[in-house]
Amino acid sequence: MKIAIYHNNNEQTLAVTKQLTTLLKQHHLVIDNDHPDLVITVGGDGTLLGAFHHYEHCVDQISFVGIHTGHLGFYTDWRGYEVATLVDKIATMQPQLVAYPLLKGVITYADGSPNDEFLALNESSLKRLSETLRIDVYISGEFFESFRGDGLCVSTPTGSTAYNKSVGGAVLHPKLETLQMAEVASINNLVYRTLSAPIVIAPDDWIDLRPEVADDYVITVDEFANNNRPLQQIHYEIAKERIHFARYRTHRFWDRVEGAFIGSKEHNNEI
């Protein structure tokens, strides 16, 4: 097995990364950051998002495991002080591999320039800088609504606990094969009407956003944001690729949700 290490640069992370590197070598495990089978991230959920995009070109051929050096995150099953246990499990056991859906986006530009395609692990959103966003929403090719407001967020089930939740979207179990669209501060009056609720689409559905032509839109893809040329359409669908996580211990999603947002009961290290 070839293993890559992807980390941030804070002091605690660098110390854990140094220990991890030493232990992997002691177990005669090969470190290969260019062509890995397993990517170990050290940092937090943001670090794992960065690793996902770094290895996006081969995401179907690798798996991820996360070590958190702060508060336990949704993508990171291990804490910094558990590195020795994790390396021992990597060296001696086969993990449970779980696959979760990704978001595929295709951007069509109004000036006829080539389309851009991307994958997102959490979400993609569309906003406008200077004024209210005005956009027609189509689901599976059929007109659904004319949206007016601050923006729209399309998320994966794994991303439903991120920005989607902060704008009122539902929390979805990551094994569901679906996408969710949530509104950001929609305008509803006698002129403009929207559903004013998140929607969850079926696996074979897709979403097209067709905004009025302007050059001040901001498209976010996970933690990255870009100002783009005048847009004609953004097409969203469930990607054919999947992200794979290597589970070397039990991962209880709803316990993780409770611990992150409610915190009403004591949690052990197995969630």
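Below, all heavy atoms of this structure are taken into account, side chains as well, without hydrogens, waters or symmetry copies.
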Exercise. Start with the C-alpha distance between Arg247 and Val98, add both sets of side-chain angles, then the distance that settles side-chain contact (heavy atoms from CB on, under 4.5 Å), and finish with yes or no.
Key: CA-CA 7 Å; Arg247 302 294 191 206; Val98 295; 3.7 Å; yes

Quiz item: Side-chain contact, heavy-atom cut-off 4.5 Å: Gln61 with His35?
Solution: no

Quiz item: Looking only at heavy atoms, which two atoms of Asp60 and Lys240 are closest? And how far apart?
Solution: OD2-O, 4.4 Å

Self-check item: Distance in Å, Ile31 CD1 paired with Ile5 CD1, rounded so as to fall on 0.5 Å steps
Solution: 4.5 Å

Practice problem: State, yes or no, whether a side-chain contact exists between Thr156 and Glu123 at a heavy-atom distance under 4.5 Å. | Solution: no

Practice problem: Starting from the C-alpha separation in whole Å, work towards a yes-or-no answer on side chain to side chain donor-acceptor pair (under 3.5 Å) for His235 and Gln233. | Solution: CA-CA 6 Å; His235 171 88; Gln233 176 178 281; 4.8 Å; no

Self-check item: Inter-residue atom distance Ile238.CD1 - Lys104.NZ, 0.5 Å rounding
Solution: 12.5 Å

Exercise. Say whether Leu119 and Tyr55 are linked into one hydrophobic cluster, either directly or through other cluster members, by side-chain heavy-atom distances under 4.5 angstrom.
Key: yes

Quiz item: Ile3 pairs by side chain to side chain contact (heavy atoms under 4.5 Å, CB included) with which of Val87, Asp32, Ile90, Leu20?
Solution: Ile90

Quiz item: Tell me, do Leu86 and Asp88 make a side-chain contact under 4.5 Å, heavy atoms counted?
Solution: no

Exercise. Determine, step by step, whether Asn33 and Tyr6 satisfy the side chain to side chain donor-acceptor pair (under 3.5 Å) criterion, reporting the C-alpha distance in whole Å, the side-chain angles of both residues, the deciding distance to 0.1 Å, and the verdict.
Key: CA-CA 8 Å; Asn33 289 325; Tyr6 190 97; over 6 Å; no

Quiz item: Does atom NZ of Lys2 have more than 12 heavy-atom neighbours, drawn from other residues, nucleotides or ligands, at distances under 6.0 Å?
Solution: yes

Quiz item: At what distance, to the nearest 0.5 angstrom, does CG of Asp205 lie from OG1 of Thr178?
Solution: 8.0 Å

Quiz item: Between the side chains of Thr13 and Asn10, does any donor sit under 3.5 Å from an acceptor?
Solution: yes

Quiz item: Can you list the residues that meet the side-chain hydrogen bond (donor to acceptor under 3.5 Å, both in side chains) rule with Tyr163, with sequence neighbours excluded?
Solution: Lys127

Self-check item: Any donor-acceptor N/O pair, His68 side chain to Gly43 backbone, under 3.5 Å
Solution: yes

Quiz item: Quick one: do Leu195 and Leu126 end up in the same hydrophobic cluster if we chain Ile, Leu, Val, Met, Phe, Trp and Tyr together by side-chain heavy atoms under 4.5 Å apart?
Solution: yes

Quiz item: Which of parallel (below 30°), tilted (30 to 60°) and perpendicular (above 60°) describes Phe143 and Tyr138?
Solution: perpendicular

Practice problem: Give the minimum heavy-atom separation between Asp215 and Pro230, together with the two atoms involved. | Solution: CB-CG, 3.9 Å

Quiz item: Leu179, Phe52: one ILVMFWY side-chain cluster at the under-4.5 Å cut-off?
Solution: no

Quiz item: Is there a path of hydrophobic side-chain contacts, each under 4.5 Å between heavy atoms of I, L, V, M, F, W or Y residues, that connects Ile40 with Trp78?
Solution: yes

Quiz item: Any chance NE2 of His28 has more than 12 other-residue heavy atoms, nucleotides or ligands included, within less than 6.0 Å?
Solution: no

Practice problem: Evaluate the side-chain contact (heavy atoms from CB on, under 4.5 Å) criterion for residues Ile107 and Asn115: first the C-alpha distance (whole Å), next the side-chain angles of each, then the deciding distance (0.1 Å), finally the verdict. | Solution: CA-CA 5 Å; Ile107 304 171; Asn115 294 350; over 6 Å; no

Exercise. Please tell me if the side chains of Leu24 and Val30 come closer than 4.5 Å, counting only heavy atoms from C-beta onward.
Key: no

Quiz prompt | Main-chain N/O of Ser125 paired to Thr220 side chain as donor or acceptor, under 3.5 Å | solution = yes

Quiz prompt | Worked verdict on Tyr248 versus Thr85 for side-chain contact (heavy atoms from CB on, under 4.5 Å) | solution = CA-CA 10 Å; Tyr248 291 93; Thr85 302; over 6 Å; no

Quiz item: Should the pair Tyr100 and Phe245 be assigned to parallel (<30°), tilted (30 to 60°) or perpendicular (>60°) ring geometry?
Solution: tilted

For residues 130-137, tabulate all N or O donor-acceptor pairs below 3.5 Å that involve a side-chain atom, not counting sequence neighbours.
residue: Ser130; atom: OG; partner: Asp216; partner atom: OD2; Å: 2.3
residue: Asp136; atom: OD1; partner: Ser146; partner atom: OG; Å: 2.7

Quiz prompt | Verify same cluster id: Leu152, Leu231 (apolar side-chain graph, 4.5 Å) | solution = yes

Self-check item: Asp37 and Ser63: CA distance, side-chain angles, deciding distance, side chain to side chain donor-acceptor pair (under 3.5 Å) verdict
Solution: CA-CA 7 Å; Asp37 303 302; Ser63 56; over 6 Å; no

Quiz prompt | Salt-bridge criterion met for Arg242 and Glu177 (N-O under 4.0 Å) | solution = yes

Practice problem: Give the C-alpha distance, both sets of side-chain angles, the deciding distance and a yes or no for salt bridge (Lys or Arg N to Asp or Glu O under 4.0 Å) between Glu82 and Arg249. | Solution: CA-CA 12 Å; Glu82 299 177 300; Arg249 62 164 29 149; 3.0 Å; yes

Practice problem: Kindly indicate whether the side chain of Val257, heavy atoms from C-beta on, has any atom under 4.5 Å from the side chain of Phe74. | Solution: yes

Quiz prompt | Polar side chain donor-acceptor pair, Asp208 to Tyr236, under 3.5 angstrom | solution = no

Quiz item: About how many Å separate CG of Asp45 and OG1 of Thr158, when rounded to the nearest 0.5 Å?
Solution: 10.5 Å

Quiz item: Does any non-hydrogen side-chain atom of Pro174 lie less than 4.5 Å from one of Phe253?
Solution: yes

Quiz item: Does the cation-pi check pass for Arg128 over Tyr217, that is, NZ or CZ under 6.0 Å from the six-membered ring centre and within 45° of its axis?
Solution: yes

Quiz item: Are His54 and Glu56 linked by a side-chain donor-acceptor pair shorter than 3.5 Å?
Solution: no

Quiz item: In Å and rounded to the nearest 0.5 Å, what is the NE2 to OH distance from His251 to Tyr75?
Solution: 10.0 Å

Quiz item: Taking atom types as modelled and ignoring hydrogens, do the side chains of Thr47 and Thr41 form a donor-acceptor contact shorter than 3.5 angstrom?
Solution: no

Quiz prompt | Polar side-chain atom of His27 near backbone of Leu29 as donor-acceptor pair, under 3.5 Å | solution = no

Quiz item: To the nearest 0.5 Å, what is the distance between OG (Ser155) and NZ (Lys165)?
Solution: 12.5 Å

Quiz item: Would you say the side-chain atoms of Asp150 pair up with the backbone N or O of Ser186, donor to acceptor, closer than 3.5 Å?
Solution: no

Self-check item: Asp222 side chain vs Asn122 backbone, donor-acceptor pair below 3.5 Å
Solution: yes

Quiz item: Any sub-3.5 Å donor-acceptor pair from Asn164's side-chain atoms to Ala170's backbone N or O?
Solution: yes

Quiz prompt | Arg210 vs Gln232, side-chain contact (heavy atoms from CB on, under 4.5 Å): CA-CA, chis, key distance, verdict | solution = CA-CA 6 Å; Arg210 300 177 185 172; Gln232 179 176 321; over 6 Å; no

Exercise. Examine the side chains of Ser160 and Gln180 and answer whether a donor and an acceptor come within less than 3.5 Å of each other.
Key: no

Practice problem: May I ask you to decide if Lys18's main-chain N or O and Thr22's side chain share a donor-acceptor pair within less than 3.5 Å? | Solution: yes

Practice problem: May I ask you to test the Phe64-His244 pair for a side-chain heavy-atom distance under 4.5 Å? | Solution: no

Quiz item: Can you find a pair of side-chain heavy atoms, one from Thr194 and one from Ser196, that are under 4.5 Å apart?
Solution: yes

